[in-house]
Amino acid sequence: DRDVTGVQTCALPIYWALGKAYYVAGRHDRALEESRQAAALYDQLKLRNASAMESHAFPALILLDAGQLHEALREADRAVDLANATAIKSDIGFTLRIQGQVRLALGDIAAVRAVLKRALAISVELHEGPTQLGNVQFQYARTLWKIDRRVAIDYATSARVQIRSYLDSEISEMEKPYVLPLQKRRLAEINRWLAEHKL
């Protein structure tokens with residue numbers, strides 16, 4: 001049993017690396033397959049750490065992109081549970097943002113507002129970077145539109161400033177394959193939302 005567990009533990013970074021590599025290559029189907037292998041192993045080994053949390057957060061994002069929202073929500077909820085177990089605020093904020101994106105896509109506006117308010121508070125408290133802060137500001141803005149349009153627009157406008165500041169900065173080679181195109185799409189999404197939502 002110890003030998004089996006050792007082999008499984010050694011396989012974890014391989015599945016994880018393959019998942020990320022396939023995603024960058026545009027093979028989202030294989031990325032999902034490999035990352036789910038990693039997640040299943042983490043669960044089987046009953047590991048509750050940051051890597052286990054990421055093993056569920058990453059599939060949640062892939063499934064969200066694919067429009068498989070209920071499956072994405074299951075992965076996101078599991079990631080939040082694991083982040084809460086680690087009690088690391090940056091991990092909690094990260095998973096709450098993912099959970100918020102999925103719940104917004106499902107149209108669960110009332111329920112997601114409290115989730116995103118908590119994620120935003122964590123982002124501000126930790127002085128997180130422009131992509132983390134900007135993305136959660138925009139998500140939160142979308143939940144506020146029917147409650148307070150002025151505040152919603154203010155948050156979305158701030159989000160646009162944050163994402164633009166990232167895109168205007170010197171971006172590392174590591175971020176260019178995934179983070180850069182993602183944030184370009186997010187800026188376009190924010191611009192569309194602001195154009196469609198006026199006082």
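- Taking CZ of R113 as the reference point, atom CZ of R103 lies at 13.5 Å (rounded to 0.5 Å).
- Remark: R30 CZ to I62 CD1 distance equals 12.0 Å, nearest 0.5 Å.
- Side-chain contact check for I163 versus F138: every heavy-atom pair is 4.5 Å or farther apart.
- The distance from the CD1 atom of I109 to the CZ atom of R142 is 7.0 Å, given to the nearest 0.5 Å.
- When every heavy atom of L64 is checked against every heavy atom of A72, the shortest pair comes out as N-CB, 3.8 Å.
- In summary, K89 and E128 do not engage in a salt bridge, as defined by a charged side-chain N under 4.0 Å from a carboxylate O.
- Between the side chain of T86 and the backbone N or O of I88 there is at least one donor-acceptor pair closer than 3.5 Å.
- At least one donor-acceptor pair under 3.5 Å links the side chain of N135 to the backbone N or O of T131.
- Within the 3.5 Å criterion, the main-chain N or O of Y166 finds a donor-acceptor partner in the side chain of S169.
- Considering only heavy atoms from C-beta on, E175 stays 4.5 Å or farther from L180 through its side chain.
- Nearest approach of R97 to Q139, heavy atoms of both residues: O-OE1, 3.2 Å.
- Counting only heavy atoms from C-beta outward, the side chains of L116 and L104 approach each other to under 4.5 Å.
- Between G93 and A119, the shortest heavy-atom contact is O-CB, 4.2 Å.
- Across every non-hydrogen atom of G100 and V115, the tightest pair is N-CG1, 4.5 Å.
- In terms of heavy atoms, T95 sits closest to A83 at OG1-CB, 3.4 Å.
- Going from atom CZ of R164 over to atom CG of D168 covers 8.5 Å, rounded to the nearest 0.5 Å.
- With salt bridges taken as basic N to acidic carboxylate O contacts below 4.0 Å, none links E189 and K184.
- D154 has a carboxylate O that lies under 4.0 Å from a charged side-chain N of R150, or vice versa, which qualifies the two as a salt bridge.
- If you take CD on Q137 and CG on L144, they are separated by 11.5 Å, rounding to the nearest 0.5 Å.
- One distance of note links CD of Q101 with CG of L61; it measures 6.0 Å at 0.5 Å rounding.
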